[in-house]
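Since the structure comes first, as structure tokens, the remarks are kept for the end.
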Amino acid sequence: MTKMIEAQHVSYVYQTKYQKTQALKDVTCSFEAGKMYAIMGKSGSGKSTFLSLLAGLDIPEKGNLYIEGREMRTIDRDRYRMEQAAIVYQAFHLFPLLTVKENVMLPMQLKHMDAKQTKERAKEFLAKVGISEEMGSRYPGMLSGGEQQRVAIARAMACGGKILLADEPTGNLDSHNEEVIVKLLKKMAHEDGYAVIVVTHNENVSKESDVVFWMSDGVLSGEESR
């Protein structure tokens, strides 16, 4: 399978006026298309820091991150997030004054895609996550938490890349909606060829993942393939 992201001996330090905190220490691993990954660990273990580096929100202090063979330091990281990787958060981050469909259209509009094509593709992405055309005309606040998270995933699909980074995507959901979201993420990996990388505390997410990475005190302390 295609290797989408590769981390080689990645370390990262948070520097404040008073102290240094070693958030990541010599992390080496890779992520392939067509698989769902879970990154597990306690709060403060470094997993969210690692996700932010994978998203290009910062770069490693030491070591290298490769995106489809290109070193992170050499690419336009804003463009990377617009075209190759999308992030889904626990808190949804939908625009409240845009309709559901308009939220999904936005990444395509930012790329100046044809208006008719943008509307049609937004409709397709929403259908993929189980959001009807009628619901697409509503505003996010009119939807349940699980529905809003599905819209956030549809918007991530609209970015056009094949890397999906998710930070505790089931954290605000009940057990039923949690199951729906996990199945959707797994389907994106297995059927649509995404590399889906999920930071989570949730063991139900890890059970459904193809590969689980365990982090402790900034160190990749274990790996389990299923």
Salt bridge (charged side-chain N to carboxylate O under 4.0 Å, His left out), that's the test. Do K116 and E120 meet it? Break it down for me. CA-CA 6 Å; K116 183 178 179 181; E120 285 302 312; over 6 Å; no

If a pair satisfies ring-ring contact (aromatic ring centres under 6.0 Å, His included) and one of its residues is in residues 49-86, list it, with sequence neighbours excluded. none

Counting distance only, does the side-chain N/O of N103 pair as donor-acceptor with the main-chain N or O of L98 below 3.5 Å? yes

Does a side chain donor of either Q84 or E68 reach within less than 3.5 Å of an acceptor in the other side chain? yes

Do D58 and Y12 have side-chain atoms, one donor and one acceptor, less than 3.5 Å apart? yes

Backbone N/O of K35 and side chain of D210: donor-acceptor pair under 3.5 Å: no

Got a donor-acceptor contact below 3.5 angstrom from the E208 side chain to the K186 backbone? no

Listed by chain and number, what are the side chain to side chain contact (heavy atoms under 4.5 Å, CB included) partners of S45, not counting sequence neighbours? K47, M215

Side-chain (K42) to main-chain (H201) donor-acceptor, under 3.5 angstrom: no

Check whether T21 reaches the backbone of A23 with its side chain - one donor and one acceptor, N or O, closer than 3.5 Å. no

Residues forming a salt bridge (charged side-chain N to carboxylate O under 4.0 Å, His left out) with D192, sequence neighbours excluded: K128

Test side-chain hydrogen bond (donor to acceptor under 3.5 Å, both in side chains) applied to N177 and Q149, step by step: CA-CA 9 Å; N177 281 303; Q149 192 61 291; over 6 Å; no

Checking the side chain of S209 only, and the main-chain atoms of V205 only, is there a donor and an acceptor separated by less than 3.5 Å? yes

If Ile, Leu, Val, Met, Phe, Trp and Tyr residues are connected whenever their side-chain heavy atoms lie under 4.5 Å apart, and connections chain through other members, are I59 and I67 in the same group? yes

Would a distance-only check, ignoring hydrogens and angles, find a side-chain to backbone donor-acceptor pair under 3.5 Å from R77 to M72? no

Using side chain to side chain contact (heavy atoms under 4.5 Å, CB included) as the criterion, list what pairs up with K101, not counting sequence neighbours. T99, M105, K119, A122, L126

I need the full list of ring-ring contact (aromatic ring centres under 6.0 Å, His included) pairs touching residues 169-200, with sequence neighbours left out, sorted by first then second residue. none

Could you work out, with side chain to side chain contact (heavy atoms under 4.5 Å, CB included) as the rule, every residue matching S30, not counting sequence neighbours? K3, E6

Distance-only, no hydrogens or angles: does the S206 side chain make a donor-acceptor pair with backbone N or O of V212 under 3.5 Å? no

